[in-house]
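Per chain, numbering begins at 1; letters A, B, ... match sequence-line order.
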Amino acid sequence: MDYKPRDFEPKWKKYWEDHQIYKVDNNSEQPKFYVLDMFPYPSGAGLHVGHPLGYIASDIFARYKRMNGFNVLHPMGYDAFGLPAEQYALQHGVHPAISTNKNIDRYRQQLGNLGFSFDWDREVRTCEPSFYKWTQWIFLQLFEHFYDTEKDKAVPISILKEHFEQNGSQGIQAANSESISFTAQEWVEMTAKEQNDILMNYRLAYRKLTYVNWCEALGTVLANDEVKDGVSERGGFPVERKPMLQWSLRITAYAERLLNDLQDLEWSEAMKKMQSNWIGRSTGAQVFFEIEGSDRKIEIYTTRPDTIFGATFMVIAPEHDWVAEITTPNQEEEISQYLDYVKSRSERERMSETKEVTGAFTGSFAINPFNNEKIPIWIGEYVLKDYGTGCIMAVPADDERDHRFAEKYGLRIIDIIDKSMYEGASIEDKKGKMINSDFLNGMEVMDAIQAINDRLEEMGIGQPQVNYKLRDAIYSRQRYWGEPFPIVYDKDGVAYPLDISELPLELPDSNDFQPASGTTSPLGRIKEWVNLDNGYTRETDTMPGFAGSSWYFLRYMDPKNNEEFADQKAINYWKDVDLYVGGTEHAVGHLMYSRFWHKFLYDKGLVPTKEPFRKLINQGMIQGVIEFIFLEKQKEGSQYRFVSAELKETEERNGKEFIPIPVLVDYVSEYGSDNSHLDNEGIENFIGWRPEYNDAVFESPSGVFKNGNFTPKNGAVKMIMTTHSEVGKMSKSKYNVINPDDVVEQYGADCFRLYEMFLGPIEQAKPWDTQGIDGVSKFLRKFWGLFFDRNGNWLVKEGTPSKEELKILHTAIKKVSDDIERFSFNTCVSAFMVATNDFKKINSNNKLILEEMVRLIAPFAPHLAEELWYKLEGGGSVHHASYPILNEEYLIEDSIEYPISINGKKRATAEFPADASKEDLEKEAVANQDIQKWLEGKTVRKVIVVPKRMINIVVG
RNA sequence: GCGGGUGUGGUGAAAUUGGUAGACACGCUAGACUUAGGAUCUAGUGCCGCGAGGCGUGGGGGUUCGAGUCCCUCCACCCGCACCA
């Protein structure tokens, strides 16, 4: 009987489901282990072979831990709200709820195909009211808290109110958007609206007029991490900066903790670096400058306060609040022209054209507090409104951008640092001796920074300050498909939270979910939902895609709870995620927000750990091969002409232009190789798929193909239309998606699992290669062949295993266990191959040995293992059996083959008893026949013996 | 520009603490079996060389009895960030 996975894989899937083999209990005496995958967006394209890579790895690990006596939480769910799901729904003209559910069903079926050990009873969907009730609830908790910078934790807003009533803003230590001061008396006399506005300045979830990333094409604002290179991450649409009244989360309050706690995480250095760069901590100083003819002082932030004597001008951001105020009448024209220019530029242009500095003079001057010199104040695009104070003192001698600006506008440059004693030091290195700097002269830069900071504080015009690049997270989206905000407004616009009894606030059903091109959200159009009987109105924006994913991992612990986001007992049992597997693309989005929410819940005593994800593994992308043929650029109405890759090369040199057209990989022969091409049949298929090219001419060195007729050249027997291959992301638009279902259909789920692992290290990107899978399939048949001969006869024999059999087995146990622990799954697979080959060689069919082998392979090939376990044991599930235990005794060798080297080059090998003494080995090695001829005429100076490893003879 | 990573046969890769480089596969070559082969089995397969032997982990240099592994330096590619004051 041959290995036929199709015969038994479905049977066991059903068995596992019927018998709830993977059900997880929260009440267990066993130690816990939480293995989590980043849950997928159920997009319309379905899963491709890249998605399961991480799921397979985590499933193997979960199964391994389970067999080792852990109570393993290994759940799966769907990140079903947010832009991708909604864009799909819009494109296909169906309601997002319907398309999302359809996509989920497809994902569920595809995932089910692969034999994962998920406890499906714990499935979560972020778009279900029972789930987002608690997303809304956590949002309200954020709304009801502020960040106490003294206690360094979140504290209820009621405490803040009490403080204001008694002391006003005096002595308040809280993270805020801007510093405000008022007395207790003033507070008490304020209207509800005024008080509310002040509280908004402190809430962890707050509403404020901010410059946001507005994406017209998507009809919504986006968070910073959703914008890449000035365009939206989803769809690549232009993004502009625009002031809007939006909800934000005060993640910046947690910046320091988010940075510091990275240190204890078992994440890759790259991942930690990405996060710490995103947080972007810098230390410097805040300095106030007087403005000539005004009693206001302008605040700047600098990391180089020591260079203040070289500050010959100031630059403030064009969006800075004070621009109008400090612009003098005769500069108004110029400034307003410049502002128009800035406005006309897209975010994209602003980011890509950074070499050219631009600006305009406001006409005002600041006063250098140390020498009373007048410093002209300019506005310039290169100063960002969001960072620091939106205003800098420019030191052209010590900053490249300031230098360019000064050169362009003819501003003064004063050298303030002598770097002559530091060869190769760059303009921005903090090295050198201060010159032209009054009381700082002669000091080293680092000392000067200290000295000037002290002086600033003495004079009361500044102080050391820490700054972060991290921005608060914009939390409003002007879209339909998201969690509604549990917020209502009175007629003054004061925001009130809904009571928990009113949660979930369900998303109203509507077929009018198109995003508006202006700034109103689709929900705003549902008047009966927005307007309440008491005259209050609802918030019409929805929450962003990252809302649900910021806490979903906690919900799996107790997914059906309707009283709490999860039962405290469950949370205290499962605590945190021990192993989290997912892609690097979430480095600064999801992973940052989750850590932030988790820390907030930690402050509230609702979770027992500071960090949600202890260990993180980033699976590499499985890339697809994209195949192109080339369409000649042509005049309107003329015939389509395609050429092969070679022809394109030559014709391009003659000035012709071509457009690469992707071809379905199914039509390409030998795809991914140097010889990838379309043959006659391939071209017919291509035309069938793209009928608009029905009459096109196809040309290659092998001939011409047109209307089904092939005219050969150079004696060719068929059309060879060479394609151009590229390796890239698998995507529907590139027609290079491989569906795991097809692979499972052909080879079986176990083979698919094993092959994806065998492909290479889990963290590495690698192209999908259709050829290699045969090797794994062959291995599975060989493994099966240890149990059955080709006629289906049972080969397994009872008896005492031989020493040799035990050695092969335990070598495999050691290798596989060690390699699972270090997430080296590709080498596990090769260890199985080695063991199988070895057993085959000695015709081993011992039952005790094979039982162990079946348990060893169970996490990798769960169906095969279950089938063989059933044949061996007659019942029970191998997945409830224990993992094989290594007995080192079986690995001990009687004799060892030593390599013998001369001056480090291997010249011979020889077998010696394992317990041979160093002296004997030395003597024997030198006496070795093969070695002797190398020693002729040489003197042996030294012999190095590393027991059980090697022998090296040093000659001179 | 800054930060991180990678570089090993024709290909995917292995080598866990400095100790036989290329395990395990794919591919390729030859052979066996077979009505057939895109099935199976056997042998071979880093490169150069008939051979003895030499060379070999991106290049160059160093430490060491011994370096893919450690140090210095240069190069290439990939990823992330990028006017952050």
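Residues Thr358(A) and Tyr338(A) bring a donor and an acceptor atom of their side chains to less than 3.5 Å of each other. Side chain to side chain, Asp398(A) and Thr307(A) fail the donor-acceptor criterion of an N or O pair below 3.5 Å. Inspection of the Arg281(A) and Asn467(A) side chains reveals no N or O donor paired with an N or O acceptor under 3.5 Å.
Distance Leu262(A) CG to G4(B) P: 15 Å, rounded to the nearest Å. When the C1' atom of C65(B) is taken as reference, atom OH of Tyr898(A) falls 17 Å away, rounded to whole Å. Rounded to an integer number of Å, the gap from CZ of Arg304(A) to P of C84(B) is 14 Å. To the nearest angstrom, P of A14(B) lies 14 Å from CZ of Phe825(A). Between the P atom of G4(B) and the CD atom of Glu269(A) lies a distance of 9 Å, rounded to the nearest Å. In this structure, the NZ atom of Lys778(A) is 13 Å from the C1' atom of C24(B), given to the nearest Å. Atom-to-atom, CZ of Arg790(A) to C1' of C33(B) comes out at 11 Å; the value is rounded to the nearest Å. Put simply, CH2 on Trp267(A) is 16 Å from C1' on G4(B), counting in whole angstrom units.
No engagement by Val829(A) is indicated, since no non-hydrogen atom pair under 4.0 Å with the nucleic acid exists. The residue Asp399(A) sits apart from the nucleic acid: no heavy atom pair falls under 4.0 Å. Residue Asn837(A) is in sugar-phosphate contact alone, with no base atom involved, counting any heavy-atom pair closer than 4.0 Å across all strands shown. Counting non-hydrogen atoms under 4.0 angstrom, Ile944(A) reaches a base of the nucleic acid. If you check every strand for non-hydrogen atoms under 4.0 Å, Arg281(A) touches nothing. At the heavy-atom level, Lys815(A) lies under 4.0 Å from base atoms of the strands shown. At a threshold of 4.0 angstrom between heavy atoms, the contacts of Pro767(A) with the nucleic acid are absent.
Rounded to a whole angstrom, the distance from the C1' atom of G10(B) to that of G4(B) is 31 Å. Spacing between A76(B) and C83(B) at atom P, rounded to whole Å, works out to 25 Å. The gap from the P atom of A30(B) to that of G38(B) amounts to 14 Å, rounded to the nearest Å. Separation of the C1' atoms belonging to A25(B) and U64(B) is 35 Å when rounded to the nearest angstrom. Nucleotides C28(B) and A39(B) have their P atoms positioned 10 Å apart, rounded to a whole Å. As rounded to the nearest Å, U57(B) and U20(B) have C1' atoms that lie 15 Å from one another. Taking atom C1' in both A15(B) and U69(B), the straight-line distance is 10 Å, to the nearest Å. Taking the P atom of each, G66(B) and G56(B) are spaced 15 Å apart, rounded to whole Å.
When distances run from any side-chain atom of Val357(A) to the nucleotides C55(B), C83(B), G3(B), the shortest one goes to C83(B). When distances are taken from the side chain of Met274(A) to each of G80(B), A85(B), A13(B), the shortest belongs to G80(B). For Lys906(A), the side-chain atoms get nearest to U20(B) when compared with the rest of A15(B), C24(B), U20(B). Among G19(B), U16(B), C81(B), the nucleotide with an atom closest to any side-chain atom of Met950(A) is G19(B). Side chain of Thr303(A), nearest nucleotide from C26(B), G4(B), A85(B): A85(B). The listed nucleotides are U20(B), G80(B), G4(B); the one nearest the side chain of Pro899(A) is U20(B). Counting only heavy atoms from C-beta on, Val946(A) has its side chain closest to G19(B) among C26(B), G19(B), A14(B). Of the candidates G53(B), A25(B), U20(B), the closest approach to any side-chain atom of Phe758(A) belongs to A25(B). The nucleotide whose nearest atom lies closest to any side-chain atom of Ser830(A) is, among C24(B), A15(B), C55(B), C24(B). Distances were taken from every side-chain heavy atom of Arg949(A) (C-beta onward) to each of A85(B), U17(B), C55(B); the shortest belongs to U17(B).
Between A85(B) and Tyr301(A), no contact under 4.0 Å exists linking OP1 or OP2 to a side-chain N or O. Between Lys272(A) and G4(B) there is no side-chain N or O to OP1 or OP2 distance below 4.0 Å. Phosphate contact (OP1/OP2 of A13(B), side-chain N/O of Gln764(A), threshold under 4.0 Å): present. Within the 4.0 Å cut-off from OP1 or OP2 of C41(B), not a single side-chain nitrogen or oxygen of Arg781(A) is found. The shortest distance between the side-chain N/O atoms of Arg907(A) and the OP1/OP2 oxygens of G54(B) is below 4.0 Å.
Judged by distance alone with a 3.5 Å cut-off, no donor-acceptor contact links the side chain of Lys782(A) to the base of U40(B). Interface remark: the Asn277(A) side chain does not form any donor-acceptor pair with the C81(B) base, using a distance-only criterion of under 3.5 Å.
For G51(B), there is no paired nucleotide, since no Watson-Crick or G-U wobble pair has both relevant distances below 3.5 Å. Nucleotide C70(B) forms a Watson-Crick or G-U wobble pair with G62(B), both donor-acceptor distances falling under 3.5 Å. Base pairing analysis places A23(B) opposite nothing; no Watson-Crick or G-U wobble pair with both distances below 3.5 Å involves it. Nucleotide C2(B): paired with G80(B) (Watson-Crick or G-U wobble, both distances less than 3.5 Å). Both distances falling under 3.5 Å, in either a Watson-Crick or a G-U wobble arrangement, place G31(B) opposite C41(B). As the counterpart of A13(B), no nucleotide is assigned, since no Watson-Crick or G-U wobble pattern has both distances under 3.5 Å.
Ring geometry for Phe832(A) versus Phe860(A): interplanar angle over 60°, hence perpendicular rather than tilted (30 to 60°). Between Phe61(A) and Tyr64(A), the two ring planes are tilted [angle within 30° to 60°]. The aromatic rings of Phe783(A) and Phe779(A) sit tilted relative to each other, their planes meeting at an angle between 30° and 60°. Note: Trp768(A) and Tyr755(A) have perpendicular aromatic rings, judged against thresholds of 30 and 60 degrees for the angle between ring planes.
Between Asn826(A) and Gly390(A), the residue anchored closer to the 5' end of RNA chain B is Asn826(A), taking for each the nucleotide with the nearest heavy atom. Residues Leu384(A) and Arg822(A) both approach RNA chain B. Their nearest nucleotides, taken by heavy-atom distance, put Arg822(A) toward the 5′ side.
Considering only heavy atoms from C-beta on, Leu891(A) comes within 4.5 Å of Thr811(A) through its side chain.
In this structure, G9(B) is classed as syn because its glycosidic torsion stays within 90° of zero.
A search for ring-ring contact (aromatic ring centres under 6.0 Å, His included) contacts involving Phe405(A) returns Phe313(A), Trp378(A), Tyr382(A), Tyr409(A), not counting sequence neighbours.
In this structure, CD on Glu756(A) lies 10.0 Å from CD1 on Ile60(A), to the nearest 0.5 angstrom.
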